[in-house]
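The structure appears right after this line, and notes come after that.
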Protein chains: 2
Amino acid sequence: MKLTSRGRYAVMALVDLARFDTINPVSLRDISLRQGISLDYLEQIFSKLKKNQIVKSTRGTQGGYVLSKKPNEIKLTNILNAVDETVKTVQCKKESKKGCNGKATKCVTHNLWDELENHINTFFDKKSLQDLLKNNTERFN
Amino acid sequence: MKLTSRGRYAVMALVDLARFDTINPVSLRDISLRQGISLDYLEQIFSKLKKNQIVKSTRGTQGGYVLSKKPNEIKLTNILNAVDETVKTVQCKKESKKGCNGKATKCVTHNLWDELENHINTFFDKKSLQDLLKNNTERFN
DNA sequence: ACATACCTGACTAAAATGGTCAAGTTTAGA
DNA sequence: TCTAAACTTGACCATTTTAGTCAGGTATGT
């Protein structure tokens, strides 16, 4: 299972973007400064976000990124999937006919991790960027 | 966040133990063979389980491990904590006065990961070994 | 006494993580 | 048109974690 700082940064950056892109595109440089995330790393992350059509970019001076949908239409699932934070708890391959651990049957815990995966995904499916904005209406920085 | 095969193995092994320890202690060798987990690795895992009083051991011939509580009293939280599968989603330290990422305030997503952590822990708090046994009454191996 | 089984600690190959670095291309505005 | 801001791409890398292995023990029932 993966849930690391790449996913966290992605969410942080998008919340930042949602708050500041009302007029002009937001540059990664600004996000980098406001959120304290390395610019180079942000570029990697936004490359993935763009491929997954979560953000749109404008090049050149005064360029930057904007959200490609409304904050309430962007679920955390979308974001985390985009940056490869796949919530996979099971090492056992579902398709594998051999079952888990090279055994003929599914391992005892197989269903458990499936349940957990659903449990977590449900959480991320419900939460949108909009929800995070609500909780952060106070000024910061 | 960590949730890796060590935790999975621990759960698998304990389910196995719960099913076979009715008369005699169960040797790690047997568990290793039945579950397809390396014996050496199992020993590491059981060392931790023992330290956390989830299992008791008997040495010597015919020795092995037994659960130290009833299956319905052993929650998955207990197991996963014992083998250091701490479900920590937030890199930001809660205590740190400096806030997350060296900023003066909590990062925008701070509460989010807290919520997620609770969400996951709730899941593990509810599930006991007993619950897993129910779903695996059919013979295997 | 000896085989079985627990116990302990050191070690390690491979992968993931969290970045950095370098070399572009594009475009707005002076 | 020139230039600086900003996106784009891909290679690279140090550190940490993972998932074990290996080598030696120690305890104990028969």
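Reminder, nothing fancy here: chain letters follow the sequence lines and each chain counts from 1. In this text, all values refer to a predicted model and were calculated from it rather than measured experimentally. All values below were derived from every heavy atom in this structure, side-chain atoms included, with hydrogens, water molecules and symmetry-related copies excluded.
- At distances below 3.5 Å, not a single donor-acceptor pair connects side-chain atoms of A:Ser68 with backbone N or O atoms of A:Lys56.
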Evaluation steps, side chain to side chain contact (heavy atoms under 4.5 Å, CB included), between A:Gln35 and A:Tyr9: CA-CA 9 Å; A:Gln35 302 297 330; A:Tyr9 287 166; over 6 Å; no

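- Side chain of A:Ser5 to backbone of A:Arg8: no donor-acceptor contact under 3.5 angstrom is found.
- For A:Tyr9, a side-chain nitrogen or oxygen approaches OP1 or OP2 of C:dG19 to under 4.0 Å.
- Using a 4.0 Å heavy-atom cutoff across all strands shown, A:Tyr65 reaches sugar-phosphate atoms only and no base atom.
- Comparing C:dA5, C:dG19, D:dC22 by their closest approach to the side chain of A:Ser5 singles out C:dG19.
- Ionic pairing of B:Asp16 and B:Arg34 is present here: one or more N-O contacts between side-chain nitrogen and carboxylate oxygen are shorter than 4.0 angstrom.
- Not a single donor-acceptor pair, N or O on each side, falls under 3.5 Å between the base of C:dT20 and the side chain of A:Glu43.
- At a threshold of 4.0 angstrom between heavy atoms, the contacts of B:Val55 with the nucleic acid are absent.
- Residue-to-nucleotide proximity on DNA chain D shows that, of A:Gln62 and A:Ser47, the 5′-proximal contact is made by A:Gln62.
- Going from atom CD1 of B:Ile45 over to atom P of D:dT21 covers 11 Å, rounded to whole Å.
- The residue among A:Ser38 and A:Gly60 whose nearest nucleotide of DNA chain C is located toward the 5' end is A:Ser38.
- Checking D:dG20, C:dG19, D:dA23 against every side-chain atom of B:Asp40, the shortest atom distance belongs to D:dA23.
- Where B:Arg29 and A:Thr61 meet DNA chain C, the nucleotide closest to each residue was compared, and B:Arg29 sits on the side nearer the 5' end.
- Close to D:dT8, at under 4.0 Å from its OP1 or OP2, lies a side-chain N or O of A:Ser57.
- Of the possible donor and acceptor atoms, one in the side chain of B:Asn52 sits under 3.5 Å from a partner among the backbone N and O of B:Lys48.
- Applying the 4.0 Å criterion to OP1 and OP2 of D:dA19, one finds that B:Thr4 has a side-chain N or O inside that range.
- Of the candidates C:dT20, C:dC6, D:dC7, the closest approach to any side-chain atom of A:Arg59 belongs to D:dC7.
- When the C1' atom of C:dA5 is taken as reference, atom CD1 of B:Ile31 falls 12 Å away, rounded to whole Å.
- The nearest whole Å value for the distance from the CG atom in B:Asp30 to the C1' atom in C:dC6 is 14 Å.
- Spacing between atom CD of B:Gln44 and atom P of C:dA5 amounts to 20 Å, rounded to whole angstrom units.
- Relative to the side chain of A:Lys50, the nucleotides C:dC6, D:dT8, C:dG18 differ in distance, and D:dT8 lies closest.
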